[in-house]
Amino acid sequence: MGLGALGGWLPKQMGVDQEKIGIALVGLGNYATRQLAPALQLTQYCQLTGIVSGTPSKVKDWQGKYGIEDVHCYTYENFEDIAADDKIDVVYIVLPNFMHAEYTIRALEMGKHVICEKPMGLDADECRKMLAAQTASGKKLQIGYRLYHEPHHKRMHELGVALHWGPLKVMESSLGFRMANPASWRMDPSKGGGGAIMDLGVYCIQAARRMANQLPQKVSAQGFNTDPGLFKGLFEHVSFQLSFPNGAVSNSTTSFNAYVDRFHAACERGWLQMQPSFNAGQQVVLTTSEELEPIEGPGPFQQVAQMDAFARNIMDDTEVIASGEEGLIDLQIIDAIKRSIEEERMIEISY
Ligand code: NDP
């Protein structure tokens with residue numbers, strides 16, 4: 001009988017070699033290969049015990065590199081067989097956005113805990129279905145929000161919660177890069193969900209709402225496209241302004257054609273800035289209007305703390321910080337951003 005069937009984590013009944021949480025990565029693309037798999041090697045409570053891929057050559061490479069036995073290598077066709085695999089406690093969905101909901105729900109239904117990459121789904125409706133599946137399963141769900149566990153972003157949140165510099169006034173929160181590959185699923189609205197705002201919007205939104213420590217009430221958004229030949233059916237840049245109940249406002253641009261990665265928060269008596277702020281491949285640099293105690297960085301991979309935190313949530317049966325509910329909130333805001341562009345007006349965000 002698999003652990004999943006037993007309904008949870010049973011540390012005292014497990015053998016020494018099973019004391020870590022076993023994770024299977026689903027979709028061996030860039031993020032799984034360059035960030036998650038190497039990060040897993042540095043975790044304290046996790047181990048890479050399985051893979052799911054549609055590309056046999058990748059499976060062979062990964063087996064060579066990480067010593068994964070044949071019986072723990074799956075395809076999309078025999079995905080459900082993971083249900084009976086005792087070495088896999090967590091299924092980590094690292095697939096294109098349009099596959100997140102389907103594979104998260106299937107993994108939950110087979111009794112596994114799930115980490116799902118961002119954005120949680122293509123829209124809020126998908127997220128609600130994923131949350132319903134989670135509730136029915138009794139399993140835990142984390143969204144791959146690595147920055148919820150990144151020390152500089154945690155400090156930003158703490159300073160915001162404490163109103164360290166008095167009331168928050170104005171924020172700028174932007175992320176973009178040049179996406180020149182028209183063949184990428186990110187450029188296909190049916191697969192990526194709509195370009196830069198879907199790929200990068202969650203970061204800008206989260207920083208603003210975690211600094212404000214509340215949810216934005218209204219959004220006004222604009223879409224721009226100077227190269228319709230390249231950006232077909234999606235916007236090259238999306239700018240949006242959020243207003244919060246505490247009076248703070250935030251201005252953001254997400255772009256698939258300009259490099260930008262920064263967050264700035266101006267309060268009544270001081271400010272903080274992170275630049276770079278959001279990219280996984282770079283260390284966050286935090287500066288503030290006054291000298292604060294230095295922060296120890298996260299090491300080479302921000303995902304180490306993210307995955308270890310989830311493992312502890314499973315071991316201790318504690319609440320997940322980067323939860324499915326958090327993922328849903330961001331999609332509710334993105335849905336409102338899209339509506340604002342379409343209807344050319346300010347939208348009241350419904351939660
Ligand atoms: P890639 O395109 O590099 O990888 C996706 C992988 O999914 C493919 O390599 C393939 O793996 C598998 N796949 C299965 N079906 C399809 C399909 N129909 N089309 C394309 N790929 C398919 O994407 P990324 O790794 O960059 O992104 C994956 C997810 O991770 C996205 O949701 C993205 O938003 C998220 N992400 C999160 C980051 C973060 O910082 N939290 C950073 C980067 C990405 P295989 O050949 O093994 O089947």
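The residues of the chain are indexed from 1 along the displayed sequence.
A donor-acceptor pair under 3.5 Å links the side-chain atoms of Asn313 to the main chain of Glu319, judged by distance alone. Of the possible polar contacts, none joining the Gln303 side chain to the Ala280 backbone as a donor-acceptor pair under 3.5 Å is found. With Asp89 contributing its side chain and Gly22 its backbone, the two residues share a donor-acceptor pair below 3.5 Å. Using a distance-only test at 3.5 Å, with no hydrogens or angles considered, no donor-acceptor pair links the side chain of Ser289 to the main chain of Gly270. Between the side chain of Thr288 and the main chain of Leu272, no donor-acceptor pair closer than 3.5 Å is present. Checked by atom type and distance alone, the side chain of Glu343 never pairs as donor or acceptor with a backbone atom of Arg339 at under 3.5 Å. Checked by atom type and distance alone, the side chain of Thr33 never pairs as donor or acceptor with a backbone atom of Asn30 at under 3.5 Å. Between the side chain of Tyr31 and the main chain of Leu28, no donor-acceptor pair closer than 3.5 Å is present. A donor-acceptor contact shorter than 3.5 Å links the side chain of Asn78 to the backbone of Thr75. Side-chain atoms of Ser340 come within 3.5 Å of backbone atoms of Arg345 as a donor-acceptor pair (strictly under, hydrogens ignored).
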(request) Mind running side-chain contact (heavy atoms from CB on, under 4.5 Å) on Phe235 and Gln222 for me, showing each step along the way? (result) CA-CA 9 Å; Phe235 293 111; Gln222 309 80 38; over 6 Å; no
(message) Run the salt bridge (charged side-chain N to carboxylate O under 4.0 Å, His left out) test on Asp85 and Lys112 for me, step by step, so that the C-alpha distance in whole Å, both residues' side-chain angles and the decisive distance to 0.1 Å come before the verdict.
(response) CA-CA 10 Å; Asp85 192 330; Lys112 298 294 178 181; over 6 Å; no
(request) Would you check, one step at a time, whether the test side chain to side chain donor-acceptor pair (under 3.5 Å) holds for Gln63 with Asp70? (result) CA-CA 8 Å; Gln63 284 191 278; Asp70 288 345; 2.8 Å; yes
(request) Apply the test side-chain contact (heavy atoms from CB on, under 4.5 Å) to residues Tyr148 and Gln306: give CA-CA distance (whole Å), side-chain angles for both, the deciding distance (0.1 Å), then the verdict. (result) CA-CA 8 Å; Tyr148 276 50; Gln306 174 212 321; over 6 Å; no
(message) Could you go through Ile115 and Ile93, starting from their C-alpha distance and side-chain angles, then the distance that decides it, and tell me whether this counts as side-chain contact (heavy atoms from CB on, under 4.5 Å)?
(response) CA-CA 6 Å; Ile115 307 178; Ile93 310 299; over 6 Å; no
(request) Using the side-chain contact (heavy atoms from CB on, under 4.5 Å) rule, take Val114 and Tyr103 through it: C-alpha gap first, then chi angles, then the decisive distance, then the call. (result) CA-CA 9 Å; Val114 174; Tyr103 279 86; over 6 Å; no
(request) Please report the C-alpha distance between Asp61 and Lys58 in whole Å, then the side-chain angles of each, then the deciding distance to 0.1 Å, and finally whether the salt bridge (charged side-chain N to carboxylate O under 4.0 Å, His left out) criterion is met. (result) CA-CA 5 Å; Asp61 285 354; Lys58 290 186 193 171; over 6 Å; no
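By the 6.0 Å and 45° rule, Arg312 stacks over the aromatic ring of Tyr45.
Val161 forms part of no hydrophobic cluster, judged by ILVMFWY side-chain heavy-atom separations under 4.5 Å. Val249 belongs to a hydrophobic cluster whose other members, connected by ILVMFWY side-chain contacts under 4.5 Å either directly or through intermediates, are Val170. Hydrophobic cluster membership of Leu163, counting Ile, Leu, Val, Met, Phe, Trp and Tyr whose side-chain heavy atoms lie under 4.5 Å apart directly or via other members: none, as it forms a cluster of its own.
Across all their heavy atoms, Cys127 and Gly327 have their closest contact at SG-O, 4.4 Å. Heavy atoms only, all atoms of each residue included: Leu108 and Ser137 are closest at O-CB, 3.5 Å. Looking at every heavy atom in both residues, Leu95 comes nearest to His100 through O-NE2, 2.6 Å. Of all heavy-atom pairs spanning Asn279 and Gln302, the tightest one is O-NE2, 3.9 Å. Taking both residues in full, the closest heavy atoms of Ile51 and Ile68 are given as CG2-CD1, 3.8 Å, listed atom of the first, atom of the second, then distance. The heavy-atom pair separating Ser252 from Ser173 by the smallest distance is OG-O, 2.6 Å.
In this structure, Asp123 has no side-chain hydrogen bond (donor to acceptor under 3.5 Å, both in side chains) partners at least two apart in sequence or on a different chain. Among residues two or more places apart in sequence or in another chain, the side chain to side chain contact (heavy atoms under 4.5 Å, CB included) test is passed with Lys65 by none. Applying the side-chain hydrogen bond (donor to acceptor under 3.5 Å, both in side chains) test to Ser57 and every residue at least two apart in sequence or in another chain returns nothing. Residues passing the side chain to side chain contact (heavy atoms under 4.5 Å, CB included) test with Ala309, sequence neighbours excluded: His149. The side-chain hydrogen bond (donor to acceptor under 3.5 Å, both in side chains) test applied to Lys118 returns Asp199, not counting sequence neighbours. Here Ala212 pairs with Leu168, Met171, Gln214, Phe244, Asn246 under the side chain to side chain contact (heavy atoms under 4.5 Å, CB included) rule; sequence neighbours left out. Gln273 pairs by the side-chain hydrogen bond (donor to acceptor under 3.5 Å, both in side chains) definition with Arg262, His264, Gln275, not counting sequence neighbours.
The distance from the CE atom of Met198 to the CD1 atom of Ile334 is 5.5 Å, given to the nearest 0.5 Å. For the atom pair CD1 (Ile349) and CD1 (Ile333), the distance works out to 5.0 Å, reported to the nearest 0.5 Å.
Aromatic ring centres of Tyr76 and Phe79: separated by at least 6.0 Å. Two rings, from Phe256 and Phe177, have their centers less than 6.0 Å apart.
Counting non-hydrogen atoms of neighbouring residues, nucleotides and ligands closer than 6.0 angstrom, the CZ atom of Arg269 exceeds 12 such neighbours. By the 6.0 Å contact criterion, CD on Glu291 is open, its count of non-hydrogen atoms from other residues, nucleotides or ligands being 12 or less. No more than 12 heavy atoms of other residues, nucleotides or ligands lie within 6.0 Å of CD in Glu344, so this atom counts as exposed by the packing criterion.
Salt-bridge formation is not detected for the pair Asp335/Lys338: no Lys NZ or Arg NE/NH1/NH2 atom is positioned less than 4.0 Å from an Asp or Glu carboxylate oxygen. Salt-bridge formation is not detected for the pair Glu150/Lys154: no Lys NZ or Arg NE/NH1/NH2 atom is positioned less than 4.0 Å from an Asp or Glu carboxylate oxygen. Ion pairing between Glu326 and Arg209 holds under the 4.0 Å rule for side-chain N and carboxylate O.
For the ring-ring contact (aromatic ring centres under 6.0 Å, His included) condition, no pair includes a residue of residues 184-217, sequence neighbours left out. Residue pairs that meet the ring-ring contact (aromatic ring centres under 6.0 Å, His included) test with at least one member in residues 151-173, sequence neighbours left out, are His153-Phe278.
Of the N and O atoms on the side chains of Glu117 and Tyr92, at least one donor lies less than 3.5 Å from an acceptor on the other residue. For the residue pair Thr226/Glu236, the side-chain donor-acceptor check at 3.5 Å is satisfied. When only modelled atom types and interatomic distance are considered, Gln241 and Asn251 share a side-chain donor-acceptor pair under 3.5 Å. A donor-acceptor contact under 3.5 angstrom links the side chains of Ser190 and Asp188, judged on distance only.
When hydrophobic clusters are built by joining Ile, Leu, Val, Met, Phe, Trp and Tyr residues whose side-chain heavy atoms come closer than 4.5 Å, directly or via intermediates, Ile337 is grouped together with Phe231. In the hydrophobic clustering of this structure, Val260 does not group with Phe263; members are Ile, Leu, Val, Met, Phe, Trp, Tyr whose side-chain heavy atoms approach within less than 4.5 Å, directly or through other members. Taking hydrophobic clusters as Ile, Leu, Val, Met, Phe, Trp and Tyr residues chained together by side-chain heavy-atom distances below 4.5 Å, Met211 does not share a cluster with Trp271.
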